[in-house]
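See below for the structure under consideration.
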Amino acid sequence: MNNDLIKQTENELKKQFELIDEIRDFNQEKVLNAFIENKVAPEHFYTVSGYGHDDLGREILDKVFADVLRAEKALVRVHFASGTHTLACALFGNLRPGNKLVSVVGKPYDTMCEVIGIAGDDETKEDSLIAHGVLYDEVPLKNDAVDLDGIKNIIDETVTMVLIQRSKGYSTRKSLTVEEIGNICQIVKSKNPDCICFVDNCYGEFVDTKEPLEVGADLIAGSLIKNIGGGIVEAGGYIAGKAKLVDKSANRLTAPGIGCEGGAMFNQHRLIFQGLFMAPSVVSEALKGAVLASKVFEKIGFDTYPKYDEQRSDIIQNIIFNAPEPLEHFCRTIQSLSPVNGYVTPIPEHIPGYEDKVIMAGGTFIEGSTIELSADGPIRPPYVAYMQGGLNYAHVKIALKHILNKYC
């Protein structure tokens, strides 16, 4: 029965799958051209030790990422501990005491709230942006959507930077399309041309044929263990955009006077080059799995977002369960069908940076990798499972088949 349901659903999704293939092909050619134009060669796979000076491979890696993301400059480093760390370097690097940061898409992702200083314990808040004298405000969502009029009203000459979170995080709002990001940037620039439009690009790379820098963003950042690492990069992140802003971010990662010029890469060049080359195809596999999940769970009576036929801006699929038990069952089944730690049973637990207990399923080859099949969700209404990733479509399909045993 489950096999029949999935096979029938796949037949109904041919149009959506063809569109995903077209996006994949466009992005794969863009990546390939960046490799060819920058003359990537075997000597760029080897790294130097110590201070990491005169690392030709690192320089070419930055240039390839810059070309792919349509940036003046890129900073691609294994030294970024996480996506949050990458974003924090961009924020601390470009904001000074008295500057003002505005989140224009409502409250940021849970871990970013501690970086800003609007959440966390007293000790954490002492090290936040606010504690360093940065002013902060945000534009609340309106009817669970971005309030464009609210953005117009809040942006003036006092605002130094706006934070645009592309993916929804643990919110129930829609993730932003590249076109919507462009509209926000246009509004911001019309009110203050000098305001920095900074996009948290996590989960969004290669989902569309354009990236945020092509529609008006000044700076973007993301994680190498999400989309753009292709599922094989072991750690790190990237920052890309206007050269001056990237350089300031680099000074925060390393130190003034070192910036982009230092930092041994521990022989990770080849993996990062290869991961980037594989990323368009890996992202397309994850997207097909997400579309299938959306359609199948809608068929059996659950609310899903995005809908199977909606334009997508990230790899995340929401399934709304409205109760904790089915959310926990979903995550535990994903874990049980993971290639790593499949025997482990996840339970809801408090995790640093999150207000509520969270259940996480992630039997991944790279710890915390969310381009690999994983799922998580906070234990709070409406009890949403956030499914993401899948190195190959077949793995997602197998997992969905077993999850459906509870319902079919």
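These numbers come from a predicted model, not from an experiment.
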Problem set entry | SB check Lys15 Asp309 (cutoff 4.0 Å) |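 No, no charged N to carboxylate O under 4.0 Å.
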
Apply salt bridge (charged side-chain N to carboxylate O under 4.0 Å, His left out) to [X] and list each qualifying residue two or more places apart in sequence or on a separate chain.
X	value
Arg70	none
Asp25	none
Lys299	Glu12
Asp62	Arg77

Problem set entry | Where at least one partner belongs to residues 169-191, residue pairs that pass salt bridge (Lys or Arg N to Asp or Glu O under 4.0 Å), sequence neighbours excluded |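 Only Lys174-Glu310, Lys189-Asp218 qualify under salt bridge (Lys or Arg N to Asp or Glu O under 4.0 Å).
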
Exercise. Applying salt bridge (Lys or Arg N to Asp or Glu O under 4.0 Å), which residue pairs with at least one partner in residues 329-344 are found, sequence neighbours left out?
Worked result: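 For residues 329-344, and leaving out neighbouring residues, the salt bridge (Lys or Arg N to Asp or Glu O under 4.0 Å) pairs sorted by first residue read Glu328-Arg332.
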
For this session: Hey, could you give me each pair passing ring pair (Phe, Tyr, Trp, His ring centres under 6.0 Å) that has a residue in residues 134-193? Not counting sequence neighbours.
Result: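 Passing the test, one end in residues 134-193: Tyr109-Tyr170, Tyr170-Tyr354, Tyr170-Tyr386.
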
For this session: Apply side-chain contact (heavy atoms from CB on, under 4.5 Å) to Glu72 and list each qualifying residue two or more places apart in sequence or on a separate chain.
Result: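 So Glu72 forms a side-chain contact (heavy atoms from CB on, under 4.5 Å) with Lys242, Ala243.
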
For this session: For residues Tyr393 and Phe17, establish whether the separation of their ring centroids is below 6.0 Å.
Result: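 Between Tyr393 and Phe17, the centre distance is under 6.0 Å.
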
Exercise. Phe65 and Phe273: aromatic ring centres closer than 6.0 Å?
Worked result: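 Aromatic pair excluded; centres sit 6.0 Å or further apart.
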
Pairwise side-chain hydrogen bond (donor to acceptor under 3.5 Å, both in side chains) hits with a residue in [range], at least two apart:
range	result
residues 122-135	Asp121-Thr124
residues 222-241	Asn201-Tyr238, Glu205-Tyr238
residues 142-153	Asp144-Thr172
residues 92-105	Asn94-Ser249

